[in-house]
Student: 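Here's a structure for you.
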There are 2 protein chains.
Amino acid sequence: MATIYDVAKAANVSPKTVSRVLNGDAPVGDKTRDAVNAAMAELGYVPSNAARMMRSNRSGLIGLITGAISATTENVQVAGLPELMLVQGIQQIIGLSGKTLMIADTGGRLDRVPGLIDTFVRHRVEGLIYVAEYHQKVQLPRLPDDVPMVLANCFDDVGTPAVLPDDRRGQHDLVKRLIAGGHERIAYLTLREDIVATGLRKAGYRDALNEARLPYDPALVQCGELASPEGETQVLWDAIDRMLRLPVPPTVFCCGNDRLALKVYGILRSRGMLVPSEISVAGYDNYRVIAETLYPPLTTVELPYTAMGVRAAQRLIGLISGEGREDPAPSIVAGPVQWRGSVTDRRPTNVSQLKIVREE
Amino acid sequence: MATIYDVAKAANVSPKTVSRVLNGDAPVGDKTRDAVNAAMAELGYVPSNAARMMRSNRSGLIGLITGAISATTENVQVAGLPELMLVQGIQQIIGLSGKTLMIADTGGRLDRVPGLIDTFVRHRVEGLIYVAEYHQKVQLPRLPDDVPMVLANCFDDVGTPAVLPDDRRGQHDLVKRLIAGGHERIAYLTLREDIVATGLRKAGYRDALNEARLPYDPALVQCGELASPEGETQVLWDAIDRMLRLPVPPTVFCCGNDRLALKVYGILRSRGMLVPSEISVAGYDNYRVIAETLYPPLTTVELPYTAMGVRAAQRLIGLISGEGREDPAPSIVAGPVQWRGSVTDRRPTNVSQLKIVREE
DNA sequence: TCAGTTTATGACACCGATGTCATGACACCG
DNA sequence: CGGTGTCATGACATCGGTGTCATAAACTGA
């Protein structure tokens, strides 16, 4: 592979002049520039990043560690695909900043993380982003002091800057909108209890009920997800069955994510209930392959992954350029409710009707 | 960041000795080694890949270009997620070989590919893999002669080594299995006509019919996908409607991919037809989030993405080590049929019954 | 016209590893 | 006991760029 010396010789100038043409950091005569450019084209010269980096000590690399790519095979349970949008958001910002994103995948095995970090440090990345598969707490090995890091979709004990989804507000907004549509018996099929999002979203669900002065009925909140997929359908079926047999059954099922909603569609229909005319369904994630493809399309809450990625990358760039002190608090990013055909607004019940009458 | 000179000074040895400890390429005294290791730990020393690469001229990097990560948002139509498994398969092999995979994403824009290739060449990658979103023909800019490349899920005009899915055989195997289950009127809702896979799979469909001496009825083969999602449901609905009104309607709908199958579930059910007792459905891709979550779970053909990734990486490693001449022919990888609950074996029809009677 | 500035270019050291070669200390062997 | 090999280590050059400084030529302005 041609070097800057080859180019210099071919163009009859010094290597430094070639360097100047490459970087435009000092004036070069027109004739000289043309000669150099011609020589570069002729030789198919591409500068070596390694050599450049040695002198300047700036790699222009940002490291990204994720389980996104592999997670999809092993663990279909959790979010899966959408977090890729996180990577995409990060890519957007990093690309704009002129740096190069180096993506490494854990292959789903956390024990590989230290090795990946080591590889990145060897390449002298200027910063690091760790992307988790779903909202969770993590514990990462310590980095060298001069490599800043940002956590995306996760957080830790030691105050590493983090970017998180606003699960509480998301669920709140959805339930509030359902209530505005006349729903008062709102069932909630939650994700596994040990997931961070579950607690936050339940809180959001209760927030919305409280605001509307609707009673909280524990019988309407049940876990619909298992750690492994076998038997999950049965659990869901039972939970739905129990709720539908209540004295006042729910008019809408909120699901912990769109994947559960997909299952719920199947279960409800095999019980002969039409969505949405007889029963409404809502999801969470705005996992578009599911939400937009389902028939009818699914009302859901968007997990603002792209925005989170953008935010994470921006924070990292901020840390790298080191302008001022960064606010150490995590960034909480909310996503909008995506209102689609799987939920009908109901004729308001007695109480609401009274209200409306009053308003008229 | 500490250098090998700092470590040498701290351990009172020469830099070269530190290098020897690092690489184990020459004997070092036990006491010396301990001192060096202690110094490295003390200083938090991590060797610089850039410096190492300059001398050895071997980067240990493999470049991977993909639209996988971004494709998911823009273009929910095509395969989308599963190709990530391709990346995963590649990762597996590359990791094993001790090299580092550098992943770059096109952000869905093909015009960025030359820039990404340039970045890779600057980093002196030892080889390059291009992953396409779905089985297609591509045209890539020429690389420097000494950088080998492998195409995954795509092919080109100029004989670049490629790894492709065996669409023809996959569809054949599925239809053959359906026929074995007693189905004789097999509808096929294909993907868009301009997709490479469509032609191959149709051929596979006919292969299976021919083998079984079943007639080919063009009325049973219709395109069910549009370039944009709006109106697609309508197209599907019409196609299904037309087929179900045929004098001898189909007993099973094969869909161009699992996403279409998901739509077909919804449409069939809203027509009051139960899957699979009244009508069977099959997909393609084994897009597990859909196929395993649907109720009932979807029979489909696996697109052997992981295996393709493995194969692609192996071919690249072969090219890099340059042992012998590589076979330039594309590798065609077949995937198995995933038999799940969405297809019932039918009571055999007259002809088949006769056969069974004879066999008894 | 001449000092002072700007422009265009080159010489040279340096970044942090590793390859090559040299060297001193031992161990082994006849 | 001297010659020969092996072991452990260091000196030095080198990879391909860029930063620093020097310098010649061209251009300013009084």
Side-chain angles (χ1 to χ4, degrees), chain A residues 1-37 39-40 43-61 100 118-126 144 146, chain B residues 1-37 39-40 43-61 100 118-126 144 146:
Chain A
M1 177 133 290
T3 74
I4 203 171
Y5 294 92
D6 302 327
V7 176
K9 198 174 297 176
N12 241 323
V13 296
S14 75
K16 179 67 214 191
T17 299
V18 178
S19 167
R20 281 191 263 259
V21 172
L22 276 171
N23 301 291
D25 54 354
V28 175
D30 288 345
K31 243 176 45 188
T32 314
R33 187 196 326 281
D34 291 345
V36 170
N37 281 324
M40 292 200 298
L43 295 170
Y45 169 73
V46 182
S48 154
N49 237 297
R52 182 172 289 176
M53 186 197 320
M54 275 199 63
R55 196 67 175 83
S56 66
N57 222 10
R58 309 186 71 243
S59 63
L61 292 173
T100 302
D118 188 66
T119 302
F120 279 145
V121 176
R122 287 169 127 82
H123 282 279
R124 300 291 187 265
V125 292
E126 297 175 16
D146 48 355
Chain B
M1 179 131 287
T3 75
I4 203 171
Y5 294 92
D6 301 328
V7 176
K9 198 174 298 176
N12 242 323
V13 296
S14 77
K16 180 65 212 192
T17 298
V18 178
S19 168
R20 281 191 262 259
V21 172
L22 275 172
N23 300 293
D25 54 354
V28 176
D30 288 344
K31 242 175 49 186
T32 314
R33 186 195 327 281
D34 291 346
V36 169
N37 281 326
M40 291 200 299
L43 296 170
Y45 169 72
V46 181
S48 154
N49 238 295
R52 182 172 291 178
M53 187 198 318
M54 273 199 63
R55 197 71 180 79
S56 65
N57 223 10
R58 310 186 72 242
S59 65
L61 292 173
T100 303
D118 188 66
T119 301
F120 279 145
V121 176
R122 287 169 127 81
H123 282 280
R124 300 291 188 267
V125 293
E126 297 176 14
D146 47 356

Student: Want to settle it: does K16(A) or A2(B) sit nearer the 5' end of DNA chain C, counting the closest nucleotide to each?
Tutor: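 Taking each residue's closest nucleotide, the earlier one in sequence belongs to K16(A).
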Student: Identify, between P27(B) and A51(B), the residue whose nearest nucleotide on DNA chain D lies closer to the 5' end.
Tutor: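 Checking each residue's closest nucleotide, the 5'-ward one belongs to P27(B).
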Student: For Y45(B) and dG16(C), give me the distance from atom OH to atom P, rounded to whole Å.
Tutor: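 About 10 Å, once rounded to whole Å.
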Student: In residues 17-24 of chain B, which ones come under 4.0 Å of DNA chain D, going by heavy atoms?
Tutor: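 Correct list: T17(B), R20(B).
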Student: Tell me the interatomic distance from R55(B), atom CZ, to dC15(D), atom C1', rounded to whole angstroms.
Tutor: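 Going from CZ in R55(B) over to C1' in dC15(D) covers 6 Å.
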Student: What integer distance in Å separates D25(A):CG from dG10(C):C1'?
Tutor: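 Rounded to the whole Å, the gap is 14 Å.
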Student: Look at the side chain of R33(B) and the backbone N and O of V28(B), then say whether any donor-acceptor pair between them is shorter than 3.5 Å.
Tutor: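 Pair found, side chain donor or acceptor close to backbone of V28(B).
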Student: Rounded to whole Å, please give me the gap between CZ in R58(A) and C1' in dG17(D).
Tutor: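 It is 16 Å, rounded to the nearest whole Å.
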Student: Out of the candidates M53(A), H123(A), R52(A), only one should pair with S59(A) under the side-chain contact (heavy atoms from CB on, under 4.5 Å) rule; please name it.
Tutor: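 Of the listed residues M53(A), H123(A), R52(A), the side-chain contact (heavy atoms from CB on, under 4.5 Å) partner of S59(A) is M53(A).
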Student: Round to the nearest Å and state the distance from K9(A) atom NZ to dG10(C) atom P.
Tutor: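 Distance, rounded to whole Å: 14 Å.
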Student: Determine: side-chain N/O of T32(A) to OP1/OP2 of dT9(C), distance under 4.0 Å, yes or no.
Tutor: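 It does, given that an N or O in the side chain of T32(A) lies less than 4.0 Å from OP1 or OP2 of dT9(C).
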Student: Within the 4.5 Å heavy-atom criterion, are E126(A) and L61(A) side-chain neighbours or not?
Tutor: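 A side-chain contact is absent here, since even the closest heavy-atom pair is not under 4.5 Å.
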Student: In this structure, how many angstroms lie between the P atom of dG16(C) and the NE2 atom of H123(A), rounded?
Tutor: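 It is 17 Å, rounded to the nearest whole Å.
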Student: Less than 4.5 Å apart, any side-chain heavy atom of V46(A) and any of R124(B)?
Tutor: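 Touching, per the 4.5 Å side-chain cut-off.
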Student: With distance as the sole test, does D6(B) use its side chain to make a donor-acceptor pair with the main-chain N or O of T3(B) at under 3.5 Å?
Tutor: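 Yes.
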Student: Minimum heavy-atom separation for P144(B) to M1(A), with atom names?
Tutor: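 Closest heavy-atom pair between P144(B) and M1(A): CB-CE, 4.0 Å.
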Student: Provide the closest heavy-atom pair for A8(A) versus S14(A) in the form atom of the first, atom of the second, distance.
Tutor: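 Shortest heavy-atom separation between A8(A) and S14(A) comes out as CB-C, 3.7 Å.
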Student: Any side-chain N or O of Y5(B) under 4.0 Å from OP1/OP2 of dG10(D)?
Tutor: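 Looking at the OP1 and OP2 atoms of dG10(D), neither is under 4.0 Å from any side-chain N or O of Y5(B).
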Student: So which nucleotide does dC29(C) pair with, by the Watson-Crick or G-U wobble rule with both distances under 3.5 Å?
Tutor: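 Check on dC29(C): paired to dG2(D), both distances under 3.5 Å.
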Student: Between N57(B) and R33(B), just flag the one whose closest nucleotide in DNA chain D comes earlier from the 5' side.
Tutor: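 This one resolves to R33(B).
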Student: Is S14(A) close enough to dG10(C) that one of its side-chain N or O atoms is under 4.0 Å from OP1 or OP2 there?
Tutor: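 So the side chain of S14(A) is within the cut-off, an N or O lying under 4.0 Å from OP1 or OP2 of dG10(C).
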Student: Tell me the partner of dT14(D), counting only Watson-Crick (N1-N3 plus N6-O4 or O6-N4) or G-U wobble (N1-O2 and O6-N3) with both under 3.5 Å; none if nothing fits.
Tutor: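 With both distances under 3.5 Å, dT14(D) matches dA17(C).
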Student: OP1 or OP2 of dT18(D) versus the side-chain N and O atoms of R52(A): is any pair under 4.0 Å?
Tutor: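 Answer is yes, contact under 4.0 Å.
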Student: Show the nearest heavy-atom pair for residues P15(A) and I4(A), with the distance to one decimal.
Tutor: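 Heavy atoms of P15(A) and I4(A) come nearest at O-CD1, 3.7 Å.
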Student: Let me know the distance between CZ of R122(A) and C1' of dA17(C), rounded to the nearest Å.
Tutor: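 Atom CZ in R122(A) sits about 12 Å away from atom C1' in dA17(C).
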Student: With sugar-phosphate meaning primed atoms plus P, OP1 and OP2, does S56(A) contact a base, only sugar-phosphate, or nothing at under 4.0 Å between heavy atoms?
Tutor: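 Answer is nothing: S56(A) stays at 4.0 Å or more from every strand.
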Student: Please report the distance, rounded to the nearest Å, between CZ in R124(A) and C1' in dA17(C).
Tutor: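 R124(A) atom CZ is separated from dA17(C) atom C1' by 11 Å.
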